[in-house]
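Take a look at the structure set out below.
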Amino acid sequence: MLDIQRLREFPDAIKQGMLAKGEKDTSLVDKAIQSDETWRHAVAELDAKRAEANKQAKEIGQLMAQGKKAEAEVIIAKTGEAKEALKALEEGLSELKETRNGYLLRIPNVPHESVPVGKTPEDNQPVHHHGEALTESWRKPHWEIAEEQGWIDFKRGVKVTGAGFPFYVGPIARLQRALIQYFLDTATDAGFTEIQPPFVVNEDSARGTGQIPDKEDMMYVIPRDEFFAIPTAEVPVTNFHRDEVLSASDLPLKYSAYTPCWRREAGSYGKEVRGLNRLHQFDKVELVYMVPASTSYEALEELRTYVESLIESLGLSYRTLLMCTADMGFTQSKKYDMEVWSPGQQRWLEVSSCSNFEDFQARRMMIRAKDEQGSIELVHTLNGSGLALPRIVAAIIEQYQQPNGQILVPDVLQSYMRTDSLDTA
RNA sequence: GGAGGGAUGGCAGAGUGGUCGAAUGCGGCGGUCUUGAAAACCGUUGAGGCGCAAGUCUCCGGGGGUUCGAAUCCCUCUCCCUCCGCCA
C-alpha cells in the first residue's frame with residue numbers, strides 16, 4: 001500500500017508508474033484521492049459530533065456527582081437525536097474508509113527511477129553474466145537423467161498427490177538436503193539469523209504480504225482451520241514483525257529461513273512445467289531484510305551480490321537481470337532476477353528474485369522502527385531467494401553431467417554429500 | 001475435544017458504570033549531587049487518525065451490543081493458564 005500523502009502530492013508520478021508496470025486503469029489514483037477527501041471530511045464531522053456528545057456526558061456525570069439529578073435528566077432528554085446522528089455517521093464513515101482502502105490496496109508499488117521502462121521480458125536488462133552457456137548436444141534434460149536413474153519419481157507423485165508433487169529418491173533427496181544445509185550455513189556466515197517459521201499462516205498474514213487480495217489463487221487453502229499453505233517463506237518471516245515498533249538500533253534485521261513452498265500455479269502447462277521447472281511444492285531458502293528507509297537500495301545491492309556469490313560458489317553458469325517495469329510484480333519497486341543456464345533445455349531458469357518493496361509491505365503490516373529521538377518511521381523490506389532448490393538441482397544435473405553419463409557434485413557440496421559423484425551417493 | 005480461570009501502557013500490576021488514557025512500582029529519558037560512576041532526590045515518559053494551528057477523536061486482546069456515559073455490564077471470537085482426554 002502506498003502513502004496516501006504521496007498520492008495527493010504526486011498523483012501524476014504514481015499514474016506514470018502504474019502505466020509503466022502495464023496497468024491500464026490509472027483512474028484508481030483519482031478515485032483514491034477523492035474517496036480519501038470524502039473520508040477526511042466525514043472524520044472531521046464525526047469527531048465534532050462526538051466531542052459534543054462527550055461534553056454532554058461529562059456534564060451529566062458532574063451533575064450526578066453533585067446530586068443534581070433533575071438537571072441531569074434535562075440534558076439526558078436532549079441526547080437522543082444526537083445519538084442517532086452519531087450512529088449514522090459512524091456507519092457512513094466505515095463504509096467510506098473501506099472504499100478508500102479498497103482503491104488504495106489496488107494501486108501497485110511505483111518502480112524506482114533506476115528501473116528500465118519496458119513492455120516485455122526482452123526489455124529486462126542483463127547486468128551480470130557468469131560462466132559459459134553450455135551447448136553440447138549430448139547434454140540431456142534433467143528429467144531424462146533423473147527418471148532413468150530413478151532419482152525423481154514423478155509418476156508416483158501423481159498417484160500419491162498429483163502433478164507437480166514429485167518424490168525425490170536417494171541421491172537427489174540427499175542433494176536437496178545438502179543444498180538446504182549449505183544455503184543456511186552460508187547465510188549464517190553472512191550475518192543472517194536463521195529462523196524456522198510455520199508452514200501455514202492465517203488470513204491476516206496472507207494479507208500482510210499482499211497475497212490477499214491480489215494473488216489468492218496462488219495459495220493452497222486449508223478451509224476448516226482457515227489456514228493458507230505458504231507460497232514462500234517471505235510470508236511468515238516478514239509477518240514475524242507485523243504490528244511492531246522495532247528499535248532503530250536493531251536494524252538492519254536479516255533473516256534466513258528454509259521452508260517448503262506451495263503454489264497452485266493455475267494455468268501453467270506444457271514445457272514450462274516439464275521436470276523440475278515448475279512444481280506445486282518445492283523447497284527454498286528465503287532471505288528477508290528489514291532496514292531503515294534511507295539504506296534500502298544499498299541493501300538491495302548487498303542482497304544481490306550475496307545471491308550472485310552463492311550461485312557462483314556452486315560453479316553454475318548464470319546471469320542477473322534487472323527487471324523492467326512491466327516484468328515486476330505488484331508490490332516491488334525494484335527487482336533483480338538470477339537465472340541459471342539449463343544446457344539440457346537450452347534456456348534460462350529463474351532461481352532467485354531479489355526485490356526492494358520500500359515501505360509498501362511495511363505500511364500494510366505496520367512494521368516501524370523508533371530511533372533515539374523517538375521518531376517512528378516505517379521500515380523498508382526486501383527479500384530474495386537464497387536459493388530455490390528444484391531449478392538449482394536441474395542446473396546441477398545438467399551442467400555437471402559428463403559425457404560418460406556421470407553427474408559430479410559441486411565442490412562446496414561434497415562434504416555435505418560425502419561423495420563427489422551422484423552415482424555413488 | 002470437555003470443565004474452570006484470565007487478557008490493562010516497554011514490563012509488573014491497581015482499577016467492577018461518571019473529571020480514567022488509566023494509580024503505583026520497575027525500566028527508559030532529562031536534571032540535581034559527584035573528579036567520574038553508583039546511590040539518593042526532582043522532573044518526564046504509550047500509539048494512531050483528522051487539522052495550518054488551536055484543538056479534537058479513537059485505542060485497556062479482536063468484533064458486536066446495552067447506556068446520556070463502558071477498562072468496568074452483556075454476547076461472540078481469538079489467545080494464555082489450570083485440570084481431564086488424546087498424542088509425535
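Lettering of chains follows the sequences in order, A, B, ..., and the numbering in each one begins at 1. Values below: every heavy atom of this structure, side chains too, minus hydrogens, waters and symmetry copies.
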- Using the side-chain hydrogen bond (donor to acceptor under 3.5 Å, both in side chains) rule, pick out the option among Glu350(A), Gln345(A), Arg391(A) that qualifies with Asn277(A).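 One option only clears the test, and that one is Gln345(A).
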
Identify all pairs in which a protein N or O lies below 3.5 Å from an N or O of nucleotides 67-73 of chain B, and state each distance.
from, atom 1, to, atom 2, distance (Å)
C68(B), O4', Thr79(A), OG1, 3.1

If pairing requires Watson-Crick or G-U wobble contacts with both distances under 3.5 Å, which nucleotide is the partner of [N]?
{"N": "G55(B)", "value": "C50(B)"}
{"N": "G9(B)", "value": "none"}
{"N": "G21(B)", "value": "none"}
{"N": "C87(B)", "value": "none"}
{"N": "G43(B)", "value": "C29(B)"}

- Any luck finding a side-chain donor-acceptor pair between Ser205(A) and Asn202(A) under 3.5 Å?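 A pair is found: one side chain offers a donor N or O, the other an acceptor, under 3.5 Å apart.
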
- Query: Between Gln176(A) and Gln181(A), do the side chains contain an N or O donor and an N or O acceptor separated by less than 3.5 Å?
  - Reply: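 Short answer, no.
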
- Task: Looking only at non-hydrogen atoms, find the nearest pair between Ile33(A) and Pro11(A) and report the distance.
- Result: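 In terms of heavy atoms, the two residues are closest at CD1-CB, 3.9 Å.
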
- Phosphate OP1/OP2 of A47(B): any Lys370(A) side-chain N/O under 4.0 Å: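 Lys370(A) to A47(B) OP1/OP2: side-chain N or O found under 4.0 Å.
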
Considering only the [atom1] atoms, how many Å lie between [N] and [M], rounded to the nearest integer?
{"N": "C60(B)", "M": "A22(B)", "atom1": "C1'", "value": "8 Å"}
{"N": "C80(B)", "M": "G69(B)", "atom1": "P", "value": "35 Å"}
{"N": "A12(B)", "M": "G30(B)", "atom1": "P", "value": "25 Å"}

- Message: Would you say the rings of His380(A) and Phe357(A) are close, in the sense that their centroids are separated by under 6.0 Å?
- Response: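 That pair fails the under 6.0 Å test.
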
- Item | Spatial distance of atom CD (Glu203(A)) from atom CZ (Phe228(A)) [nearest 0.5 Å] |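 So the CD of Glu203(A) and the CZ of Phe228(A) are separated by 5.0 Å.
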
- Query: For the residue pair Tyr289(A) and Phe192(A), does the interplanar ring angle fall in the parallel (under 30°), tilted (30 to 60°) or perpendicular (over 60°) class?
  - Reply: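 Perpendicular: the ring planes of Tyr289(A) and Phe192(A) meet at over 60°.
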
- Query: Once each nucleotide of nucleotides 48-60 of chain B is scored for protein heavy atoms under 4.0 Å, what B/S/- sequence comes out, 5' to 3'?
  - Reply: SBSS----SSS--

- Query: With a 4.0 Å cut-off, would you call Arg40(A) and Asp36(A) a salt bridge?
  - Reply: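 Answer for the salt bridge query: yes.
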
- Message: Taking the six-membered ring of Tyr336(A) as reference, does the cationic atom of Arg304(A) (NZ for Lys, CZ for Arg) lie under 6.0 Å from its centre and within 45° of its axis?
- Response: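 Relative to the ring axis of Tyr336(A), which defines the angle, Arg304(A) lies inside both limits.
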
